[in-house]
Amino acid sequence: MATPTKRRIKGGTANRTDGHPAGDGFFEPAELRLRDSSRYPGRAAGLTGPRDARYGDVVFATGMTGYVESLTDPSYAGQILVFTYPLIGNYGVPGPETWESKRVHARAVVVAEAVGPYSHHAAARSLVDWLRGQDVPVIEGVDTRALTRRLREHGTMLGAVAGHEAGRPRYWDPYRTHLVSGVSVAEPADLEPEGSSGTRARGKTVVLLDCGAKENIARELRSLGIRVRRVPYDHDFTGDPYDGVVLSNGPGDPTMVPETLPIIRKALRRRKPLLGICLGVQLLALAVGAKTYRLPYGHRGQNQPVRDMRTGRCYVTSQNHGFAIDERTLPRNWEVSFKNLNDGSVEGIRHRTLPFQAVQFHPEASPGPTDTAELFRDFAEAL
């Protein structure tokens, strides 16, 4: 296959005040390399030169919208994110008030085409312009259909986005790294409630144990009238006054975060309502003595179906994780609350008598789906 040629991109000028076209820049010949020696040629913007390479675990997401939210989700730390939808960048990038964190966490981005001209009233800049400013390369011209098929057949694998003169890759495994320490907050912070609440939780204080928390978790809690105290993943808050606990999402292998487990165990002994999300459900399971394992493909994107094991009702959920709970190792006083309808893996657990529950999916999903947002209201009522 011939090496793609250099191309200059021009974006639209919508909502730009500096006089420069959004997305103005160059794409240079590059390729995505996988650990199984397969290669996918394309053109990259954001590499520092033809010998530059960025490494991570290559995963894919199928959403038609939400690329900004995914890229700023700390759960994607250490990953090279492949977007399968062909119109990535078509609505640009809005201001940071809608992001899920203060920066892009993906190591690199892979698309069929990085759309230059964008059209949206809230857009502040183009996707490519934004990624280059965040020092995150994007490679386009990749056959994402063939790439996704390979990942579906063989599972996620380590890879590199590399310039056409880069040497032999030295693949980096993010799952052997303590990723949570790089995405958690450094110091505790108090967030006051916003708006009115239809629940009795107004004025209650919830500790958000931040393992890489999405901003929308705090937004959902605050919208219910709850005061949020956001603390680092290794901060022992159990001696402080609080009414409930939320264990946040985050990246990587849960067994790489042993510092958090004794804190969770101490919180459980206080019997305050507890809600875990994504990595939070895995850490909760480890804290009570269960085990986790790595999934061959992981669950990512905005279309993961789950079933409520009590009611039989099905929900469409947003997810991003590569590990799951081994159902056989759960203690007898815990039960499975949700299951994935694609592979039967555990999507949620709850205590049989105490107000503890956790889910693998994202009830705070932004831009959606919002099918399971009611879990926040249930948690607020439990307070």
Side-chain angles (χ1 to χ4, degrees), residues 9-25 27 45-46 61-77 81-106 108-138 140 183 191-196 212-224 228 230 249 300-303 316-320 362-373 376:
I9 61 167
K10 286 285 187 178
T13 57
N15 293 299
R16 291 295 294 264
T17 59
D18 55 11
H20 297 288
D24 188 16
F27 277 84
T62 59
M64 293 187 292
T65 61
Y67 52 84
V68 174
E69 290 85 352
S70 294
L71 289 170
T72 55
D73 179 354
S75 297
Y76 281 101
L81 181 53
V82 181
F83 288 110
T84 63
Y85 191 65
L87 294 179
I88 299 299
N90 60 317
Y91 56 86
V93 177
E97 64 277 1
T98 63
W99 302 357
E100 292 296 347
S101 67
K102 295 179 180 179
R103 62 184 176 90
V104 173
H105 291 275
V109 180
V110 181
V111 294
E113 179 184 358
V115 178
Y118 59 85
S119 178
H120 195 278
H121 68 90
R125 61 201 308 188
S126 76
L127 174 64
V128 174
D129 194 27
W130 179 55
L131 290 174
R132 293 176 70 200
Q134 296 268 326
D135 191 30
V136 176
V138 53
E140 68 156 20
V183 297
L191 306 173
E192 293 301 318
E194 294 181 346
S196 60
K214 293 171 62 179
E215 291 293 337
N216 215 41
I217 295 177
R219 295 186 193 115
E220 289 282 355
L221 294 170
R222 295 169 71 193
S223 72
L224 294 171
V228 176
R230 191 170 183 171
N249 63 292
R300 295 175 179 88
Q302 298 160 301
N303 57 357
V316 179
T317 66
S318 173
Q319 301 191 24
N320 174 41
H362 287 273
E364 84 291 349
S366 175
T370 58
D371 298 26
T372 57
F376 284 106

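Side chains included, hydrogens not; waters and symmetry mates left out as well; all remaining heavy atoms used.
Nearest approach of Asn216 to Ser366, heavy atoms of both residues: ND2-CB, 3.6 Å. Residue Arg300 comes nearest to Asn320 through the heavy atom pair NE-OD1, 2.8 Å, listed as atom of the first residue, atom of the second, then distance. Heavy-atom minimum distance, Tyr76 versus Leu81: CE2-CD1, 3.6 Å. Across all their heavy atoms, Thr65 and Pro367 have their closest contact at OG1-CG, 3.6 Å.
Looking at Ser318, its side chain never comes within 3.5 Å of a backbone N or O of Pro369 through a donor-acceptor pair. No donor-acceptor distance shorter than 3.5 angstrom exists from the side chain of Asn90 to the backbone of Val115, with no hydrogens or angles considered. At distances below 3.5 Å, at least one donor-acceptor pair connects side-chain atoms of Glu140 with backbone N or O atoms of Ala114. Although no hydrogens or angles enter the test, the distance criterion places no donor-acceptor pair under 3.5 Å between the side chain of Glu220 and the main chain of Glu364.
Applying the salt bridge (charged side-chain N to carboxylate O under 4.0 Å, His left out) test to Glu97 and every residue at least two apart in sequence or in another chain returns nothing. Partners of Glu215 by side-chain hydrogen bond (donor to acceptor under 3.5 Å, both in side chains), not counting sequence neighbours, listed by chain and number: Arg230. Remark: Tyr67 pairs with Tyr91 by the ring pair (Phe, Tyr, Trp, His ring centres under 6.0 Å) rule, at least two apart or across chains.
A 4.5 Å side-chain heavy-atom check between Val68 and Pro94 finds at least one atom pair inside the cut-off.
For the residue pair Asn249 and Ser75, a side-chain donor N or O sits within less than 3.5 Å of a side-chain acceptor on the partner.
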